[in-house]
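Naming: A, B, ... by sequence-line order, numbering from 1 per chain.
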There are 2 protein chains.
Amino acid sequence: MAEQNDKNPSPATLMDVANQAGVSIATASRVLNGSARKVRNESYVKVMEAATKLNYRPNAYAQAVAKGTAPNIVLLVSDISDPYFAAVSQGVVKAAGEQGVSVTIGVAPDAKSELEAVRKATATRPRGIIISESERIDAPERAQLEAELKRYEAAGGHAVFILNRNLPFPAVDVANEVGARAIAKLIVDSGYRRPAILKGDDNYRSSKERLAGMMAVFDKAGITVDPKAVANGRFSRTEGYAAIMQLARLGRLTAASGADAAYDGQGVDCVVALNDVMAIGAMSALRANGIEPGKDMGVTGFGDIPYSADVHPSLTTVHLPLTEMGQAAVERVLASSDGDADAGSRLIFVQSAPDIVLRESLPRR
Amino acid sequence: MAEQNDKNPSPATLMDVANQAGVSIATASRVLNGSARKVRNESYVKVMEAATKLNYRPNAYAQAVAKGTAPNIVLLVSDISDPYFAAVSQGVVKAAGEQGVSVTIGVAPDAKSELEAVRKATATRPRGIIISESERIDAPERAQLEAELKRYEAAGGHAVFILNRNLPFPAVDVANEVGARAIAKLIVDSGYRRPAILKGDDNYRSSKERLAGMMAVFDKAGITVDPKAVANGRFSRTEGYAAIMQLARLGRLTAASGADAAYDGQGVDCVVALNDVMAIGAMSALRANGIEPGKDMGVTGFGDIPYSADVHPSLTTVHLPLTEMGQAAVERVLASSDGDADAGSRLIFVQSAPDIVLRESLPRR
DNA sequence: CTGTTAGCGCTTTCAT
DNA sequence: ATGAAAGCGCTAACAG
């Protein structure tokens with residue numbers, strides 16, 4: 001009575017397959033996973049049959065241990081439910097998938113969890129670590145993060161940031177300033193003169209560059225942005241909303257609110273957000289204050305996340321190649337990890353001239 | 001001249017730490033990773049110091065191989081950039097993070113890639129596999145998928161579906177029908193009589209149940225849904241858009257288009273989408289046909305994805321606890337995997353009475 | 001409490 | 001072309 005129990009709770013191993021096929025475990029390994037198959041056709045077939053019959057699946061971890069390297073890359077984002085990250089992630093996953101490497105997505109909203117996440121990630125010795133943050137976080141953890149990643153690199157890993165060039169690692173970048181100039185020009189040309197600015201942390205490159213580009217154009221047009229109309233916040237819907245609520249509460253937005261209004265009591269005529277989700281949050285807040293965005297006040301974003309076309313009113317913004325940015329990051333990681341020595345410079349530019357997307361939130365006035 | 005080269009390209013191993021600390025590798029393992037620390041305080045300190053100095057990070061894969069189990073769960077979604085999945089994913093990542101298990105997100109838009117993804121996933125022997133699909137896919141791969149997952153379960157794994165109870169695996173579920181009834185009632189009570197329905201595949205439970213719930217209410221209200229006003233599509237923005245375009249092209253939507261119009265030439269007075277992204281796509285398509293959603297025609301969705309509040313007009317829909325659904329899936333996976341034998345029934349209900357969210361897309365008429 | 005010693009499943013020389 | 005054997009880094013009995 002052979003105990004050939006069918007519901008054996010453990011998966012077939014390479015050895016099982018080898019036995020079943022009547023070959024050595026080494027041979028089995030060669031046909032199932034190895035590279036150059038120097039295996040006689042006969043045994044090749046036997047092994048394949050055995051594998052199919054036993055439903056063999058290589059243990060990815062064991063392979064990783066034996067090979068000393070893992071077939072995955074990890075992607076760290078601040079928030080998956082933010083459409084910006086979703087779009088970037090999509091590019092990462094797509095590109096990685098095409099190369100047969102899987103991606104582990106980690107979510108780290110703040111510096112502390114980010115450091116933890118990186119530590120966990122390095123413990124898995126992935127081919128690469130891609131970090132896409134919503135802002136530059138100046139925290140004590142920052143130095144540790146850098147050290148950790150440096151060690152990871154020294155150990156043969158590859159770290160790439162997306163839109164953050166503050167740390168000494170390769171970074172995917174876009175022509176933020178060019179895009180900013182373009183939309184600022186549109187704002188001016190459309191007849192707006194008193195912009196409120198919703199920006200991110202000054203240390204976050206993207207925010208800084210976008211701001212610089214816009215300011216240059218405003219200056220040239222003779223517009224001096226009133227500091228009373230500038231608000232800070234993280235690049236999130238919530239903070240875009242909060243920023244406007246705050247401005248409204250202080251009476252800065254409209255002339256009606258009296259002397260506190262920005263621009264010498266005239267109030268602002270448009271809200272310029274340095275990122276789409278902030279713009280979307282801002283529109284909601286404007287409405288909460290009885291101001292109809294796209295009508296009583298112009299609004300612009302930056303990024304062109306997929307849903308910016310669906311919001312109310314649809315958002316006039318700067319198109320950024322979000323998906324491509326994710327892909328570029330993967331390419332860089334994989335190229336470096338394929339021994340491509342120093343695969344290019346530290347900055348990886350994607351698309352040189354961001355297009356501006358004209359929609360309804362910034363009507364000519 | 002000690003060759004104590006600092007830029008050694010390979011990370012410290014447990015052995016390095018043990019040597020450095022002057023203890024056995026077993027002891028080092030105990031203090032660094034093991035559970036019950038039965039280690040003398042003195043050696044504990046020495047090991048910790050050595051570990052810090054050498055910057056030791058356990059090799060997650062080696063641990064997994066040695067332990068025979070991995071500290072992660074994999075989440076398979078059809079599309080990360082879909083806000084529905086983003087919200088669910090967020091719940092999954094959050095819940096998993098709290099338990100110290102990391103999540104690997106895979107993207108599999110169709111049956112074929114899904115099967116592949118599951119195969120890759122099982123090769124990594126994760127604690128669990130959570131599958132969140134946008135529809136039921138009837139394809140030959142389906143049987144293989146089931147077989148694969150069954151094998152995975154037999155090997156001690158745990159598979160959980162989110163909103164798909166067609167396969168014999170645990171599934172997170174919500175009261176679709178109740179929600180559907182509620183919104184149908186709202187539609188009727190708001191004065192609408194000639195709904196167009198945008199549904200998903202009939203084999204996809206969520207779509208089917210929502211449809212059934214609505215139909216029951218419409219029937220009772222004496223409304224017979226005109227088959228000419230019913231369109232199929234996947235649960236995506238694109239297909240919601242396409243469905244409406246198609247209906248418009250056939251002249252079904254408005255009385256103006258003549259005899260082809262649904263409801264005996266009267267045309268429809270509202271579009272009822274069985275999911276939010278379809279509704280959003282539909283609104284865009286309506287506009288493309290000169291019909292202003294929320295004004296000329298009512299629109300409803302189902303799901304209450306975060307951005308449904310921001311679209312134009314904001315969407316009246318049925319709230320689904322998206323994040324909680326993700327969390328519930330994780331809890332089930334972890335509970336089962338913690339030996340909680342048969343942790344509950346096959347269906348995991350989240351929230352029994354879906355609320356309906358009143359916004360602007362369905363004004364009283 | 002701590003060290004020894006087997007493995008975990010797989011890859012990879014190194015012989016044959 | 002194929003097998004034997006030595007690891008990969010870590011865990012887990014099993015003695016002390």
For atom [atom1] of [X] and atom [atom2] of [N], their distance in whole Å:
X	N	atom1	atom2	result
B/I25	C/dA6	CD1	P	14 Å
A/Y44	D/dT2	OH	P	13 Å
A/K67	C/dC10	NZ	P	12 Å
B/N59	D/dG9	CG	C1'	6 Å
B/L14	D/dG7	CG	C1'	16 Å

Is the phosphate of [N] approached by [X] (side-chain N or O, under 4.0 Å from OP1 or OP2)?
X	N	value
B/Y61	D/dT11	no
A/T13	C/dG9	no
A/Q63	C/dC10	no
B/S24	C/dG3	yes
B/S43	C/dC1	no
B/N33	D/dC10	no

(request) Rounded to 10°, tell me the angle between the two end axes of the helix from C/dC1-D/dG16 to C/dT16-D/dA1, each built from five pairs. (result)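 The value is 40°.
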(request) Hey, which sits more toward the 5' end of DNA chain C by its nearest nucleotide, B/G22 or A/R57? (result) B/G22
(message) So, taking the atom named CZ in B/R165 and the one named CG in B/L347, what distance separates them when rounded to the nearest 0.5 Å?
(response) 5.0 Å
(message) With rounding to the nearest 0.5 angstrom, report the NZ to CG distance, A/K120 to A/L76.
(response) 11.0 Å
(request) Check whether the side chains of A/N59 and A/R57 place a donor and an acceptor atom closer than 3.5 Å, and report yes or no. (result) no
Name the closest nucleotide to the [X] side chain, picking from [options].
X	options	result
A/R40	C/dC10, D/dT2, C/dC8	D/dT2
A/S29	C/dG3, D/dG9, C/dT12	C/dT12
A/A26	D/dG9, D/dT2, C/dT12	C/dT12
B/T27	C/dG3, D/dC10, C/dC10	C/dG3

(request) Decide yes or no, distance alone: a donor-acceptor N/O pair under 3.5 angstrom between the base of C/dG3 and the side-chain of B/R30. (result)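 Yes, a donor-acceptor pair under 3.5 Å.
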(message) Measuring only between side-chain heavy atoms, which start at C-beta, is B/V74 closer than 4.5 Å to B/V103?
(response)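 In short, these two side chains do not touch, never coming nearer than 4.5 Å.
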(request) Search all heavy atoms of B/V118 against all heavy atoms of B/E148 and return the closest pair with its distance. (result)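 For B/V118 and B/E148, the tightest heavy-atom pair comes out as CG1-CG, 3.7 Å.
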(request) Could you note down all residue pairs passing side chain to side chain donor-acceptor pair (under 3.5 Å) where residues 63-76 of chain B supplies at least one of them, sequence neighbours left out? (result) A/Y61-B/N72, B/N72-B/T104
(message) For A/K53, give me all partners under salt bridge (charged side-chain N to carboxylate O under 4.0 Å, His left out), at least two apart in sequence or on another chain.
(response)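 So A/K53 forms no salt bridge (charged side-chain N to carboxylate O under 4.0 Å, His left out) with any residue.
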